[in-house]
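Contents: one structure, followed by commentary.
Both counts, for ligands and for their atoms, begin at 1 and track the order of listing.
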Amino acid sequence: MDVLETIKGRRSIRAFRSQRVPAEIVEKLIDAARWAPSAGNIQPWEFIIVRKPEIKRRLAEAALDQTFIEEAPVVIVICANEDRSSLGYGMRGKTLYSIQDTAAAIQNILLTAYSLGLGTCWVGAFREEEARKTLKIPHGVRPVAIVPVGHPAESPPPRDRRPMSQVVHYETF
Ligand SMILES: Cc1cc2nc3c(=O)[nH]c(=O)nc-3n(C[C@H](O)[C@H](O)[C@H](O)COP(=O)(O)O)c2cc1C
């Protein structure tokens with residue numbers, strides 16, 4: 001699939017079929033994620049693969065009852081290892097680069113999943129402490145996104161984008 005076609009065709013999917021997503025496919029998603037760029041090539045990302053219904057249920061609860069999360073056969077929680085980034089770049093590494101790097105990895109997951117016929121949704125609205133406790137995430141590592149992955153059971157229309165004329169600035173802001 002052409003890159004632009006993939007970028008423009010991807011939608012957030014919030015309804016999934018129960019069909020399984022094999023481990024090899026999940027591995028492909030993570031492999032794509034780890035090829036994202038990162039500041040100083042520090043690669044501060046960590047990925048938690050969740051298939052157990054009980055853990056998915058608790059994640060959905062932590063995510064303010066976004067129940068579509070537990071309907072997906074597999075959920076990937078993407079974390080930023082702030083400690084790794086801060087070792088290289090101090091406070092800027094911890095607060096900015098670790099999140100930027102991890103966000104790039106998340107986008108790779110979404111696009112690769114779409115190119116393989118799978119649906120995903122980047123879920124950022126969740127109670128961090130609850131997710132941290134459920135997944136036993138250590139200090140120095142911050143959960144950034146919960147991404148349910150599965151075969152889509154809906155095909156929503158594209159959401160509007162701000163027009164080019166509004167977002168592009170030439171020479172100065
Ligand atoms: C940082 C971030 C947080 C998001 N959090 C949620 C969320 O908690 N729940 C949800 O349903 N969608 C969430 N989304 C998905 C957005 O709603 C979606 O990307 C946006 O409406 C554009 O739609 P599209 O992804 O189909 O193009 C999030 C997206 C981003 C990038």
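- Residues Ala131 and Phe126 approach most closely at CB-CD1, 3.8 Å, considering heavy atoms.
- Note on Glu54 versus Arg57: salt bridge recorded, some NZ/NE/NH1/NH2 to OD/OE distance being below 4.0 Å.
- Taking only non-hydrogen atoms, the option from Pro156, Gly124, Ala145 nearest to atom 5 (N) of ligand 1 is Gly124.
- Classified by interplanar angle (parallel below 30°, tilted 30° to 60°, perpendicular above 60°), the ring pair Tyr89/Tyr97 is perpendicular.
- Considering every non-hydrogen atom in both Arg132 and Pro143, the closest pair reads NH2-CD, 3.7 Å.
- Of all protein heavy atoms, the one closest to atom 4 (C) of ligand 1 is Trp122 O, 3.1 Å.
- In terms of heavy-atom proximity, Pro73 sits nearest to Val149 at CD-O, 3.4 Å.
- Taking all atoms of both residues into account, the shortest heavy-atom contact from Glu82 to Arg142 is OE2-CD, 3.4 Å.
- Contact annotation: for Arg161 versus ligand 1, heavy atoms closer than 4.0 Å belong to the side chain alone.
- Residue contact check for ligand 1: Phe68 places a non-hydrogen atom closer than 4.0 Å to it.
- In terms of protein heavy-atom proximity, atom 16 (C) of ligand 1 is nearest to Arg14 NH2, 3.9 Å.
- Note: no N/O pair closer than 3.5 Å links Arg11 and ligand 1 by distance alone.
- Numbered from 1 in the order shown, with element, the atoms of ligand 1 that lie under 4.0 Å from a heavy atom of Gln66 read 7 (C), 8 (O), 9 (N), 10 (C), 11 (O).
- Between Ala125 and ligand 1, an N or O atom pair is found at a separation short of 3.5 Å.
- Here the closest heavy-atom approach between residue Arg51 and residue Val26 is recorded as NH2-CG2, 3.6 Å.
- Of all heavy-atom pairs between His151 and Gly117, the closest is ND1-O, 4.4 Å.
- Distance from atom 25 (O) of ligand 1 to its nearest protein heavy atom, with residue and atom name: Ser12 OG, 2.6 Å.
- Contact annotation for Pro158 and ligand 1: no heavy atom of the residue comes within less than 4.0 Å of the ligand.
- With ligand atoms numbered from 1 in the order given, ligand 1 contributes 10 (C), 11 (O), 12 (N) to contacts under 4.0 Å with heavy atoms of Cys121.
- Each of the following atoms of ligand 1 lies closer than 4.0 Å to a heavy atom of Arg159: 21 (O), 23 (O).
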